[in-house]
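Scroll down for the structure; my scribbles are underneath it.
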Amino acid sequence: MNTFLPFQHPSQVPSSYRRRIIVGTGHRPQKLGGYGELTRTLLNRIAIEWLRHLAPRGVISGLAQGWDSALIEACCALGLPYVACAPFKGQESRWPGAAQYRYRQYVERAAKFVISSPGEYSAQKMQIRNEHMIDMALKDGPSNALVIALWDGSTGGTKNCIDSAQRKQIEIINAWQNAKLYREHATAR
């Protein structure tokens, strides 16, 4: 059973949650409104809003398109350090050219770049990467870590990462409701 902290908007988060190491996990663009520029812009704005309020010591991102990339964009906008944690070398190799370019920029700007598994793609390597990110965040104990998820409740890699965090007693904020309201407001204009 997934339990989350009760915060649906960044302004609700008390200052005791600041200065933690944040692990980002969330959906790829197809579950977030598509691969267009509007979705990317909205995700970046939402990520900036959350990270501005949380003021983390750093962020750990799995480098996937969607929420992972939005958190990196937010780190760059806010001057926050981040760890770029790839599941395998060449994660971006089948992405469109613009997404590959951004990926290379993310890797270059990262405080640290980590490849979690050798070799090429396999679904298992995504989960190994998720667990690696959780373990990195636990360096100073679970009370100094936080997961910020963008999760719609479906099964898949985001849920698996959330489950790993819960097993290791890391608190989780699910920004889904905030993002949903943000997207509805933006597209209603």
Side-chain angles (χ1 to χ4, degrees), residues 1-5 20-35 39-40 43 46-47 50-51 54 56-75 81-96 99-100 102-104 106-107 110-176 179:
M1 178 178 192
N2 292 306
T3 57
F4 298 94
L5 292 169
R20 294 188 185 198
I21 299 296
I22 292 179
V23 172
T25 187
H27 296 303
R28 290 183 178 79
Q30 66 267 25
K31 284 191 176 182
L32 301 172
Y35 286 84
T39 297
R40 188 169 163 263
L43 289 173
I46 294 163
W50 278 98
L51 293 185
L54 290 168
R57 291 193 326 254
V59 174
I60 303 169
S61 170
L63 284 167
Q65 294 183 77
W67 185 239
D68 292 13
S69 293
L71 288 169
I72 291 175
E73 292 282 345
C75 286
Y82 64 90
V83 173
C85 188
F88 56 91
K89 186 176 181 181
Q91 171 184 9
E92 79 293 0
S93 64
R94 295 184 181 206
W95 296 356
Q100 287 186 34
R102 284 191 297 273
Y103 183 95
R104 288 189 297 273
Y106 299 157
V107 169
K112 184 176 182 179
F113 175 57
V114 176
I115 298 174
S116 294
S117 297
E120 295 181 359
Y121 171 83
S122 78
Q124 181 184 9
K125 290 179 183 178
M126 302 300 191
Q127 183 57 23
I128 292 168
R129 184 261 329 264
N130 290 345
E131 291 175 15
H132 190 187
M133 292 190 311
I134 297 296
D135 290 341
M136 283 190 286
L138 285 169
K139 162 180 105 160
D140 295 328
S143 64
N144 289 302
L146 182 67
V147 169
I148 180 107
L150 193 61
W151 181 56
D152 67 359
S154 62
T155 60
T158 300
K159 181 185 184 312
N160 293 342
C161 189
I162 288 168
D163 290 346
S164 292
Q166 288 183 315
R167 282 191 300 275
K168 296 188 178 183
Q169 302 177 345
I170 297 177
E171 292 178 298
I172 304 162
I173 293 173
N174 186 6
W176 184 256

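Because the structure is predicted, anything quoted here is derived from the model rather than measured.
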[X] (side chain) donor-acceptor with [Y] (main chain) under 3.5 angstrom:
X	Y	result
Gln127	Gly157	no
Gln100	Trp95	yes
Gln91	Gly62	yes
Ser61	Gly24	no
Thr158	Gly26	yes
Lys168	Pro142	no

side-chain hydrogen bond (donor to acceptor under 3.5 Å, both in side chains) assessment of Tyr106 paired with Glu73: CA-CA 8 Å; Tyr106 299 157; Glu73 292 282 345; 2.6 Å; yes
Between atom [atom1] of [X] and atom [atom2] of [Y], what is the distance when rounded to the nearest 0.5 Å?
X	Y	atom1	atom2	result
Arg102	Glu92	CZ	CD	12.5 Å
Met133	Ser116	CE	OG	8.0 Å
Gln65	Arg40	CD	CZ	10.0 Å
Trp151	Ile173	CH2	CD1	15.0 Å
Ile170	Leu138	CD1	CG	4.0 Å
Phe113	Leu63	CZ	CG	6.5 Å

Gln169 atom CD: more than 12 heavy-atom contacts under 6.0 Å: no
Residue Arg94 excluded, over 12 heavy atoms near CZ under 6.0 Å: no
Do you know which two heavy atoms are closest between [X] and [Y], and how far apart they sit?
X	Y	result
Ala64	Ser69	O-OG, 2.7 Å
Ala110	Ala84	CB-CB, 3.9 Å
Ala137	Val23	CB-CG2, 3.4 Å
Arg129	Ala86	CG-C, 3.9 Å
Ala165	Ile172	CB-CD1, 4.1 Å

Side chain to side chain contact (heavy atoms under 4.5 Å, CB included) partner of Leu32, chosen from Asp152, Leu150, Ile46: Leu150
From CA spacing to verdict: side chain to side chain contact (heavy atoms under 4.5 Å, CB included), Thr39, Leu43: CA-CA 6 Å; Thr39 297; Leu43 289 173; 3.9 Å; yes
Are [X] and [Y] packed together at the side-chain level, in the sense that at least one heavy-atom pair is separated by less than 4.5 angstrom?
X	Y	result
Val114	Ile60	no
Trp50	Ile22	no
Leu51	Leu71	yes
Val83	Ile21	no
Trp67	His27	no
His132	Cys85	yes
Pro87	Ile128	no
Met126	Phe88	yes

Lys159 bridged to Asp163 by N-O distance under 4.0 Å: yes
